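First up is the structure itself, then whatever we jot down about it.
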Amino acid sequence: STLQQPSDPLVCFEKTGNQRFDQRVWKIVGILLKDIGVGLKKEILKNEKISQNYFKITLDISEDSDLPVPGQFYNIKCSDTNDPLIRRPFSLHRWFKDGKSIHMEILYRVVGKGTGWLSRRKKGEWLDMIGPLGNGFIFEEDVTDVVLVARGIGIAPLYSVAEGYF
């Protein structure tokens, strides 16, 4: 029969009949899932409209073992159901410390059903997300002059780059 971990319906495997082995496999799967951030639930601290169709959402990432670096992104489930089914990628805008807490901001534009759903989330609600993903930008220490160019929502990940250089 198929063994399915209740906390993550995306992961399943066939039972071997050896309970000790199956428990070890689940322990390894749990470590791997934690490493790639599957099933992370992040609390919304703020979701503010910045201008027409542009929003900035602030999340608490104090519990994360790895902080995101500029250029990394998160895949966020933008629905309470399976419509839309596919998670949406959102770049890290910036992260900052607020007392003992660590907060992350994501800047996004409402363009469809998924981002429309995200724009209606309120303080205290939770997001299901995977990340941080990607390698991020490469910073060379001896570079002193930097030009950042972006258009529209493409400016989102460059904010944290600018904070790192200036």
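What you see is a predicted model; the values in this text were computed from it and never measured.
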In Å, rounded to the nearest 0.5 Å, how long is the span from NZ of K123 to CD1 of I57?
13.0 Å
Within a radius of less than 6.0 Å around CD of E48, do more than 12 heavy atoms belonging to other residues, nucleotides or ligands occur?
yes
Got N47 and Y108 here, is their nearest side-chain heavy-atom distance under 4.5 Å?
yes
Hey, could you give me the NZ/CD distance between K41 and E63, rounded to the nearest 0.5 Å?
15.5 Å
Can you see which heavy atom on K77 is nearest to which on R87, and at what distance?
N-NH1, 3.7 Å
When rounded to the nearest 0.5 angstrom, what is the spacing between OG in S62 and CG in L67?
9.0 Å
Closest non-hydrogen contact found for A162 with L148 is CB-CD1, 3.7 Å
Suppose we screen for side chain to side chain donor-acceptor pair (under 3.5 Å). Which residues come up paired with S51, at least two apart in sequence or across chains?
none
I50 CD1 to K56 NZ distance, which is reported to the nearest 0.5 Å:
5.0 Å
So L107 and I153, do their side chains get closer than 4.5 Å, heavy atoms only?
yes
Could you list the residues that satisfy side chain to side chain donor-acceptor pair (under 3.5 Å) with N75, not counting sequence neighbours?
none
Taking only residues two or more places apart in sequence, or in another chain, which ones meet T115 in a side chain to side chain donor-acceptor pair (under 3.5 Å)?
none
So which heavy atom on V161 is nearest to which on P70, and how close?
CG2-CB, 3.8 Å
Sequence-distant partners of K49, side chain to side chain contact (heavy atoms under 4.5 Å, CB included), two or more places apart
F55
Once side chain to side chain contact (heavy atoms under 4.5 Å, CB included) is applied, do any residues pair with D80, and if so which ones, sequence neighbours excluded?
W117, R121
Shortest non-hydrogen contact from W126 to E43?
CE3-N, 3.3 Å
Which residues, ordered by chain and number, are linked to V149 in its hydrophobic cluster, where ILVMFWY side chains connect at heavy-atom gaps below 4.5 Å, directly or through other members?
V147
Just how far is it from atom CG of L45 to atom CG of L59, taken to the nearest 0.5 Å?
7.0 Å
Only pairs at least two apart or in different chains count here, so list each salt bridge (Lys or Arg N to Asp or Glu O under 4.0 Å) that has a residue in residues 107-116.
D83-K113
Side chain to side chain contact (heavy atoms under 4.5 Å, CB included) with D64: which residues, sequence neighbours excluded?
K42, I61, Y74
Is F90 close to P157 at the side-chain level, that is, under 4.5 Å between some pair of heavy atoms?
no
Does a side-chain heavy-atom distance below 4.5 Å link V69 with F137?
no
Checking side-chain contact (heavy atoms from CB on, under 4.5 Å) between Q72 and each of S91, P132, S160, which is the one that passes?
P132
Minimum-distance pair of heavy atoms, taken over all atoms of R88 and P84:
NH2-CB, 3.2 Å
F73 and P89: which non-hydrogen atoms are nearest, and at how many Å?
CD1-CB, 4.0 Å
Would you give me the side-chain donor-acceptor pairs under 3.5 Å for residues 98-106, sequence neighbours excluded?
none

Are L118 and L127 packed together at the side-chain level, in the sense that at least one heavy-atom pair is separated by less than 4.5 angstrom?
yes
Who pairs with N53 by side chain to side chain donor-acceptor pair (under 3.5 Å), at least two apart in sequence or on another chain?
none
